[in-house]
**Student:** 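Take this structure, written in structure tokens, and hold onto it; I'll ask about it next.
Letters go in sequence order (proteins before strands), and every chain restarts at 1.
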Amino acid sequence: MQHLAAGYDRDAVLEELMQQYGGDLWRFAYFLTKRADAADDVVQEVFLAVYERMYAFRGESSVRGWLLAMTRNKSYSYLKTAFVRKVTLMDVMDVGSPSPSAENELLFREDARELWDAVLGLPLKFREVLILDYHYGLSIKEIASLLQLSEGTVKSRSHRAKGKLARLLKAPKGVDQI
Amino acid sequence: MKDDNQSGIPDWTRRMKESPFRQEPFSENMKEKIRSEVRRGTARRTRANRLRWRVGGIAAAVALLVFAAWQALPDNVSHLLIATSKPIQLEERTAYTREGRELLEMMPGGDFEAGTPQGLIISFKEPFKVYEGKTISIKAVHADSGIEETIVAGDKITEPSSGYETLSRYAIAGAGVPLSGYWRFIVELDGVFYGDAILEAAEPAWEESQVFVSEPYSVRGTPGRLGVMNQPFIAGKANKYMWWLWGEESELQGEFKAVAAKEGGTGLIELFSLSVTGAKSNYADRYFPSTLMLPEAGRWRIMAYVDGKLLGSIAVTAEEPKE
């Protein structure tokens with residue numbers, strides 16, 4: 001981000017941000033949307049938006065927090081439109097999206113699959129708190145500001161998410177968890 | 001809570017730190033795709049700009065309609081610094097001719113430079129009875145951005161220029177524009193288009209304005225004219241800054257407004273406005289506080305307006321905030 005001081009070399013800033021945070025953002029988009037093609041689109045949109053509006057970064061959060069928040073917004077709007085598409089088309093045709101776990105199987109390492117299948121099986125609001133906490137190592141305060149929730153809400157969500165995940169991990173294999 | 005390498009904490013919390021993916025999913029391919037999208041976006045904007053100039057003729061016609069519409073709007077919005085019409089034309093033209101007759105000629109006094117108030121002389125060529133009793137108003141439209149400035153808000157003509165038979169030397173004192181590039185100056189008589197000219201404002205120097213002492217303070221700006229408290233600007237952080245203004249009482253009455261342009265940028269941002277600046281104080285002819293925030297680090301030119309007229313500008317540097 002030191003390039004921003006000069007304010008002009010947007011290409012250099014973009015390269016730096018992609019290098020440093022591209023993987024983080026892609027994974028976050030995947031964890032939220034559970035689709036690789038959606039994650040591709042979301043991350044591309046995030047970086048294009050960043051390129052256009054670099055000056056909008058106000059230094060109020062970390063760069064990483066800012067980018068994660070943008071990724072979350074765009075993932076949510078993807079989910080929203082995907083949901084709308086699904087409900088409106090449901091009766092007419094089979095939408096036929098690949099089942100998330102099939103994609104997980106393809107993308108995830110074998111030794112990580114059980115854990116991450118369970119994480120992705122959590123409802124969105126618990127999933128995101130848990131992921132920001134344990135995968136990204138954000139503090140409760142950072143998570144609260146990113147999700148625009150109070151720290152208390154984040155703490156209680158995180159607590160409940162851990163409980164749910166523990167139950168999912170204990171559940172016998174082959175049982176379909178919703 | 002991050003160090004989970006202790007007993008009592010489930011093993012999965014530690015394992016969640018690692019990426020579950022077999023391969024880094026954000027690949028070099030993805031990066032290249034984003035780079036090419038960025039380039040495409042940039043190319044699209046450049047093409048759009050070129051096209052704008054080509055359709056200048058149509059734009060001019062549209063602009064006339066827009067100006068007609070502007071006449072219908074209340075006066076208090078007329079000097080807002082917002083884009084109100086399309087770019088017009090891209091060549092300097094100081095005279096306006098209709099049906100082979102020259103109606104006016106416009107001459108900037110001295111260097112016509114963005115950010116500095118300018119003298120501007122207009123030589124009207126028709127007999128005085130054409131102008132007598134009418135109200136002249138002049139605005140300038142920036143070709144690149146469409147930003148509009150009021151140069152003369154409305155001046156009733158009662159007598160010819162001194163020593164001449166008609167309005168041969170109509171002089172305007174504070175005709176500054178905030179951005180470099182082509183400006184179309186449009187002259188109206190009683191609200192009806194009379195003529196126009198296109199002047200090119202030079203790029204100003206972007207060195208930081210000088211710091212001087214106005215007892216007991218350190219001030220940045222132009223001594224005897226305009227200054228702002230000499231304290232750092234941090235990008236994105238709003239802060240309180242005092243202003244010093246000096247001038248004739250007639251120049252200092254009316255709304256104060258500060259806008260800013262970034263070096264290398266094309267537009268203006270509004271920083272601050274104040275409806276009344278008070279009266280002469282011990283420190284300066286006007287001395288008042290403002291809250292200013294520059295959104296991006298780099299060199300900025302802050303332009304000060306009183307009653308819609310450019311009083312002057314101050315070049316400052318906004319620093320990157322410390323993490």
**Student:** Pick whichever of A:E110, A:M18, A:Q44 has the most heavy-atom pairs under 4.5 Å with chain B.
**Tutor:**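 Ranked by heavy-atom pairs under 4.5 Å with chain B, first place is A:M18.
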
**Student:** So what's closer than 4.5 Å to chain A heavy atoms on B:T317: side chain, backbone, both or neither?
**Tutor:**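 The answer is neither part of B:T317.
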
**Student:** So A:R27 and B:E24, do their side chains get closer than 4.5 Å, heavy atoms only?
**Tutor:**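 Answer yes - side chains close enough.
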
**Student:** For a quick test of reading the model, state the closest non-hydrogen atom pair linking A:L48 to B:I34 and the distance between them.
**Tutor:**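 Taking every non-hydrogen atom into account, CD2-O, 4.0 Å.
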
**Student:** For A:D24, is it the side chain, the backbone, both or neither that has a heavy atom under 4.5 Å from a heavy atom of chain B?
**Tutor:**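 Answer is neither: A:D24 stays 4.5 Å or more from chain B.
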
**Student:** Based on non-hydrogen pairs under 4.5 Å, which of B:Q23, B:M30, B:M16, B:R15 is most in contact with chain A?
**Tutor:**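 The candidate making the most pairs under 4.5 Å is B:M16.
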
**Student:** Are any of the side-chain heavy atoms of B:P20 and A:F31 separated by less than 4.5 Å?
**Tutor:**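 They are in contact (side-chain heavy atoms under 4.5 Å apart), so the answer is yes.
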
**Student:** Assess whether atom CD of A:Q148 is packed by more than 12 heavy atoms of other residues, nucleotides or ligands within 6.0 Å.
**Tutor:**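 Counting neighbours around CD of A:Q148, 12 or fewer heavy atoms of other residues, nucleotides or ligands fall under 6.0 Å, so no.
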
**Student:** Are B:K31 and A:E15 within salt-bridge range, i.e. N to O under 4.0 Å?
**Tutor:**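 Result for this pair is no, no salt bridge flagged.
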
**Student:** Distance check, rounded to the nearest 0.5 Å: A:Y30 atom OH versus B:S19 atom OG?
**Tutor:**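 Atom-to-atom, A:Y30:OH and B:S19:OG are 11.0 Å apart.
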
**Student:** What part of B:E18 lies closer than 4.5 angstrom to a heavy atom of chain A: side chain, backbone, both or neither?
**Tutor:**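 B:E18 touches chain A through backbone and side-chain heavy atoms alike.
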
**Student:** Verify the neighbour count for atom CD of A:E151: are there more than 12 heavy atoms of other residues, nucleotides or ligands below 6.0 Å?
**Tutor:**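 Correct, the count exceeds 12.
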
**Student:** Identify which part of A:L25 has an atom lying under 4.5 Å from any heavy atom of chain B, answering side chain, backbone, both or neither.
**Tutor:**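 Answer is neither: A:L25 stays 4.5 Å or more from chain B.
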
**Student:** As an exercise, state the distance from CG of A:D11 to CZ of B:R35, rounded to the nearest 0.5 Å.
**Tutor:**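 Rounded to the nearest 0.5 Å, the CG-CZ separation comes to 10.0 Å.
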
**Student:** Counting only heavy atoms not in A:R160, do more than 12 fall under 6.0 Å of its CZ?
**Tutor:**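 12 or below, so no.
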
**Student:** Return the orientation label for the A:F47 and B:F26 ring planes: parallel under 30°, perpendicular over 60°, tilted otherwise.
**Tutor:**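 Judged by the thresholds at 30° and 60°, the geometry between A:F47 and B:F26 is tilted.
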
**Student:** First locate atom CH2 of B:W12, then atom CG of A:L130, and finally report the distance between them rounded to the nearest 0.5 Å.
**Tutor:**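 So the gap between those two atoms works out to 4.5 Å.
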
